[in-house]
Amino acid sequence: MALRVYNTLSRTKEPFQTVAPGEVGMYVCGPTVYSKSHIGHMVGPVIFDTVKRYLTYLGYKVSWVVNITDVDDKLIVQAQKDGTTVKALAEQVTADYLDCLAALNVTGIDHMPRATEHIGDIIAINEGLIEKGFAYASGGDVYFDVSKADSYGKLSHRDPEELQAGARIEPSSLKRNPGDFALWKASKPGEPSWESPWGPGRPGWHIECSAMSLKILGKHFDIHGGGLDLVFPHHENELVQSESFTGVPFASYWMHNGLLTREGRKISKSDPDTIVLMGDLLAEYQPDAIRLLLLSSHYRRPIDYGPTRLGEIARSLGTFQHAFDRFKELTGESFDALEAPSRRADEVSAPAEVAEHRRGFLEAMDDDFNTGGAVGELFEIVRILNRTAAGLAPTSDLADYRAGMVVLKELTNILGLFAKPPEKAAANDALTGDLMALLIDLRARLRKEKQYALADEVRNRLTALGVTLEDGPEGTRWRVEPKR
RNA sequence: GGCGCCGUAGCCAAGUGGUAAGGCAGAGGUCUGCAAAACCUCCACCCCGAGUUCGAAUCUCGGCGGCGCCUCCA
């Protein structure tokens, strides 16, 4: 089966075909950096990071751009409130954003351009659009004239006339039509501004994405992504101004991820109760739990966030972590260090049962990146491996078991999961190991003498410290528990 | 009002024409001094009503319920 991708433009799943053979250009709208990242900001990055991982696995050379919008009305207002500059605020918030991406193992971003670094490009597009008659200058502003583009509305599937009728009427407007949108805004004194043919000003909201995608990926590229809430007006406007400027199709595929809700309400900066800052979340949960939550259903569906849900996911992660521990016991190898194929092959040298679920995983991914279905196959594989491991000893023939584990590595790499061992709730160094050996040895003597009350107290008190003891036939295992 | 999306077990969720993946929770079992982990088993007439079909969770129509966008938002 070949990859199919849902395209907002056509509202159907289409076979995936690139502009240039073997190459993919992908642009995803990043944040306007005026306040720290909440979990909603991570949905797009995690999903498109996974999209890039899968495309790379299929053999494509992917170039992925995520922009930073670092000049905007809201930045100006927030900087004034904080008594700082727009520049300083943008830098601070951008740093927080980058930390969150790194924590969630979003590693695939190739370019992260800032709007303020592309003012010249933005002005050039303004000039081009005016020259071609799609835009007009008015009182220091520049507006896109939506009546000049007959395809306006094709992405959000809206009737241009209704858009006109529904648009907000601003009393002091310098617009010709109510639906026109600003490409360039004259700045007031004290606001960040750049010289332009229309006087000092700054970019409108949508134009920076056109400028940066055009500059880095070219006129026609493959995938444009973002949250569902950006379809209108942001992407519609970006699309119309880009195609009007270049005269060629803009992005081939428009992919929109569903939005995160919290107890049924959309997470949004205008609804402060819903905000869950990433920094707070990362302090409490393993990053893999957050990543798995975001990938556990299809990307176009809404995801409801709740602490209960994240706790459940974290618990299910334990199944994998225990399997990795068992793997290390049997083979001496660390799952993290396993080398797995990074390119798709049809055949795989693993037990048939594992290979079957691997096929299921890849079929799910081929079907518009159905990570929810893919995750289900992962649990099947880990169960098979655990069942196998139960009958094995370090002296057994471990080839099939190891081959199955390599498949698990191959597939979890595609989802960007388990890239590094989970953060532990307590320190775990050589001395700890020696101390634990000592405790376990003493406790074994207690158990031998049937002093179970004392033996259980040792175990319980260790549990309280985040250390779990498991008595098995080959002796007692111990592990430091990860964060939730 | 316009344009869409969704309704699958207690909760989350895949499947979208051939008789219901998976996770969490729960029940029973194997193992264990007990526990934990792991494994095995059990747990759904797919919101309602019509229709199309040999056959529908899946397609069509009509309800009911929830959500998003149309205004800043990832």
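All values below were derived from every heavy atom in this structure, side-chain atoms included, with hydrogens, water molecules and symmetry-related copies excluded. By convention in this document, chain letters (A, B, ...) are assigned in the order of the sequence lines, proteins followed by strands, and residues within each chain are numbered from 1.
- Using a cutoff of 4.0 Å between basic side-chain nitrogens and carboxylate oxygens, A:D471 and A:R459 are scored as salt-bridged.
- A residue-by-residue look at A:C29 and A:E312 shows that A:E312 has its nearest nucleotide of RNA chain B further toward the 5' end.
- Here B:C45 sits opposite no nucleotide as a Watson-Crick or G-U wobble pair (both hydrogen-bonding atom distances under 3.5 Å).
- Comparing B:C47 with B:A9, their C1' atoms are spaced 14 Å from each other, to the whole Å.
- Residue contacts for A:L260: at a heavy-atom cut-off of 4.0 Å it reaches a base atom on one of the strands shown.
- Residue-level contact check: A:R326 touches neither bases nor backbone, having no heavy atom under 4.0 Å from any strand.
- When heavy atoms are screened at a 4.0 angstrom cut-off, A:E380 is found touching the sugar-phosphate backbone but no base atom.
- When heavy atoms are screened at a 4.0 angstrom cut-off, A:L469 is found touching base atoms of the nucleic acid.
- When heavy atoms are screened at a 4.0 angstrom cut-off, A:H234 is found touching no nucleic acid atom at all.
- Side-chain N/O atoms of A:D229 and base N/O atoms of B:C72 include no donor-acceptor pair closer than 3.5 Å.
- Residue side chain A:F379 fails the stacking definition with respect to B:G23, as its ring centre and the base's six-membered ring centre are not both under 5.5 angstrom apart and under 30 degrees in plane angle.
- In this structure B:U71 sits in no base pair that meets the Watson-Crick or G-U test at under 3.5 Å.
- What separates CD1 of A:I381 from P of B:G23 is a distance of 13 Å, to the nearest Å.
- Taking 3.5 Å as the limit, the base of B:C6 and the side chain of A:R300 contain no donor-acceptor pair of atoms between them.
- Atom CZ of A:R461 sits in a sparse spot, with 12 or fewer heavy atoms from other residues, nucleotides or ligands closer than 6.0 Å.
- Comparing the same atom, C1', in B:C40 and in B:C31 gives a spacing of 12 Å after rounding to whole Å.
- A:G376 comes within 4.0 angstrom of a nucleotide base, judged by non-hydrogen atoms across all strands.
- A:G40 comes within contact range of at least one nucleobase, with a heavy-atom separation under 4.0 Å.
- Separation of the P atoms belonging to B:C43 and B:U53 is 35 Å when rounded to the nearest angstrom.
- Contacts of A:N370 with the nucleic acid, taken as non-hydrogen atoms under 4.0 Å apart, involve only primed sugar atoms and P, OP1 or OP2.
- Taking 3.5 Å as the limit, the base of B:G33 and the side chain of A:D456 contain a donor-acceptor pair of atoms between them.
- Backbone-only engagement by A:T319 is indicated by non-hydrogen atom pairs under 4.0 Å involving sugar-phosphate atoms exclusively.
- Here A:R477 lies out of heavy-atom contact (under 4.0 Å) with every strand.
- Nucleic acid contact class of A:R359 (heavy atoms, under 4.0 Å, all strands): none.
- Distance alone, capped at 3.5 Å, places no donor-acceptor pair between the A:N105 side chain and the A:L417 backbone.
- With salt bridges taken as basic N to acidic carboxylate O contacts below 4.0 Å, one links A:R387 and A:E353.
- Checked against the 6.0 Å centroid criterion, the rings of A:Y401 and A:F327 qualify as a close aromatic pair.
- Nucleic acid contact for A:L230: sugar-phosphate only, since backbone atoms but no base atoms lie under 4.0 Å from a heavy atom of the residue.
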